[in-house]
Peer 1: 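Okay, here's the structure, questions in a sec.
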There are 2 protein chains.
Amino acid sequence: MFSLNYRDARPIYEQVRDGLRHLVVTGAIREGDQFPSVRALAASLAINPNTIQRAYESLEREGYLYTVAGKGAFAARKADVAGERRERLLRQFDEAAAELLFLGMTVEELGRRVAGAKEGAK
Amino acid sequence: MFSLNYRDARPIYEQVRDGLRHLVVTGAIREGDQFPSVRALAASLAINPNTIQRAYESLEREGYLYTVAGKGAFAARKADVAGERRERLLRQFDEAAAELLFLGMTVEELGRRVAGAKEGAK
DNA sequence: CCAACTGTACCAATCCGCTTAGTACAGTTT
DNA sequence: AAACTGTACTAAGCGGATTGGTACAGTTGG
């Protein structure tokens with residue numbers, strides 16, 4: 001599925017959240033697919049179930065995941081992703097672009113990079 | 001200069017570091033310019049000098065700042081910015097682009113956004 | 001109907017990073 | 001000499017992250 005990096009300063013639950021989101025963005029998990037259960041994923045990663053739950057709560061706030069009582073957690077539709085998440089991404093994109101341009105990269109180089117990112121996701 | 005957001009979950013020293021870096025990227029602070037002294041900036045932001053020093057240490061590791069014993073801290077040349085920092089930025093850029101494309105934005109829209117970021121920096 | 005699964009909600013305990021406060025020292029400037 | 005610069009310690013407190021354990025309500029399959 002994905003792995004944890006204990007050298008990383010980021011909290012484990014953030015690594016889990018980002019790892020799961022990445023699976024959705026890359027198409028490995030598609031709309032309606034069921035996420036692994038809290039306990040199963042915790043056992044798989046050798047961490048506490050509470051930490052997994054925390055990651056799921058965060059993903060649900062972002063709109064990438066919804067839960068059905070007693071059944072499990074499932075991947076939501078793209079349209080359900082929160083506007084707050086989209087704004088955060090745009091800020092991240094703009095800030096990275098501005099600093100890369102300052103450091104000497106060109107608009108063309110970054111444009112090619114965006115096109116390449118689209119290919120990678122297919 | 002810039003301000004702190006105590007509602008933000010990010011540590012103060014990171015907010016200071018990012019705020020100072022932003023001043024460099026936008027051209028408010030240029031190569032060779034002196035940064036405010038540790039104590040002066042601490043007083044200005046009403047926080048502990050140790051916290052400012054920590055931000056300066058981080059900026060120095062990134063290559064945006066260098067210090068001269070007894071004189072102060074100064075803005076470095078673009079060429080001195082660490083490769084590690086550049087790689088981190090590229091990863092941030094690529095990840096944001098991939099997720100925005102997944103959410104329905106087009107390559108053209110993001111391309112225009114990059115061009116706009118270049119204008120904003122002038 | 002029951003056993004096994006699902007998410008969810010607590011609590012207590014521990015660990016670690018962030019921040020503050022204070023003191024101190026070496027180098028530079030005026 | 002006085003006033004500034006960055007830097008280096010130590011001690012203390014606070015709060016978030018993580019673990020471990022228990023518990024409950026809803027769903028599913030035998």
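Every heavy atom of this structure was used, including side-chain atoms; hydrogens, water molecules and symmetry mates were not. Every chain is numbered from 1, with letters handed out A, B, ... down the list of sequences.
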Peer 1: Are B/L65 and B/V68 in one and the same hydrophobic cluster, where Ile, Leu, Val, Met, Phe, Trp and Tyr link if side-chain heavy atoms are under 4.5 Å apart?
Peer 2: no
Peer 1: Nearest to the side chain of A/R54 - D/dT18, C/dG7, C/dT20?
Peer 2: D/dT18
Peer 1: Which sits closer to the 5' end of DNA chain C, A/A73 or A/N50, going by the nucleotide each is nearest to?
Peer 2: A/A73
Peer 1: Do A/F35 and A/F74 make the cut of ring centroids closer than 6.0 angstrom?
Peer 2: no
Peer 1: Closest approach to the side chain of B/E57, judged atom by atom: which nucleotide of D/dA8, D/dT18, C/dT8 is it?
Peer 2: D/dA8
Peer 1: Would you call B/L90 and A/R113 a side-chain contact if the rule is heavy atoms closer than 4.5 Å?
Peer 2: yes
Peer 1: Think A/T67 has a side-chain N or O under 4.0 angstrom from the OP1 or OP2 of C/dT8?
Peer 2: yes
Peer 1: Which angle, rounded to 10°, do you find between the first-five-pair axis and the last-five-pair axis of the helix from C/dC1-D/dG30 to C/dT30-D/dA1?
Peer 2: 30°
Peer 1: Using 4.0 Å as the upper bound for N to carboxylate O, is an ion pair formed by B/R21 and B/D18?
Peer 2: yes
Peer 1: What does nucleotides 25-30 of chain C look like as a protein-contact string, B for base, S for sugar-phosphate only, - for none, at under 4.0 angstrom between heavy atoms?
Peer 2: --BSS-
Peer 1: Any side-chain heavy atom of B/V24 within less than 4.5 Å of one from A/F102?
Peer 2: yes
Peer 1: First locate atom CG of A/L59, then atom OH of A/Y66, and finally report the distance between them rounded to the nearest 0.5 Å.
Peer 2: 14.0 Å
Peer 1: Between atom OH in A/Y6 and atom P in C/dC15, what is the gap in whole Å?
Peer 2: 17 Å
Peer 1: What residues, two or more places apart in sequence or in another chain, satisfy salt bridge (Lys or Arg N to Asp or Glu O under 4.0 Å) together with B/D33?
Peer 2: none
Peer 1: Give the rounded distance in Å between these two atoms: CZ of A/R7 and P of C/dG17.
Peer 2: 16 Å
Peer 1: Could you tell me which non-hydrogen atom of A/R30 sits nearest to which non-hydrogen atom of A/A75, and how far apart they are?
Peer 2: O-CB, 3.4 Å
Peer 1: Taking the side chain of A/Y56 as its heavy atoms from C-beta onward, which of D/dT18, C/dG7, D/dA8 lies nearest to it?
Peer 2: C/dG7
Peer 1: Rounded to the nearest Å, what distance is computed from the CG atom of residue A/L4 to the C1' atom of nucleotide D/dT18?
Peer 2: 12 Å
Peer 1: Would you indicate what A/E60 reaches in the nucleic acid, counting non-hydrogen atoms under 4.0 angstrom: base, sugar-phosphate, or nothing?
Peer 2: sugar-phosphate
Peer 1: Calculate the interatomic distance between A/I12 atom CD1 and D/dG16 atom C1'; express it in whole Å.
Peer 2: 13 Å
Peer 1: Quickly work out the B/L65 CG to D/dG6 P distance and round it to whole Å.
Peer 2: 9 Å
Peer 1: Less than 4.0 angstrom between a side-chain N/O of B/S37 and OP1 or OP2 of D/dT5, yes or no?
Peer 2: yes
Peer 1: Could you tell me the separation between the CE atom of A/M1 and the CG atom of A/L23, rounded to the nearest 0.5 Å?
Peer 2: 5.0 Å
Peer 1: Output the rounded distance in Å from CG (A/L45) to P (D/dT19).
Peer 2: 10 Å
Peer 1: In this structure, how many angstroms lie between the P atom of C/dT19 and the CZ atom of B/R10, rounded?
Peer 2: 11 Å
Peer 1: Hey, could you give me the CD/CD distance between B/E60 and B/Q53, rounded to the nearest 0.5 Å?
Peer 2: 10.0 Å
Peer 1: Can you measure B/R61 atom CZ to D/dT7 atom P for me and round it to whole angstrom units?
Peer 2: 11 Å
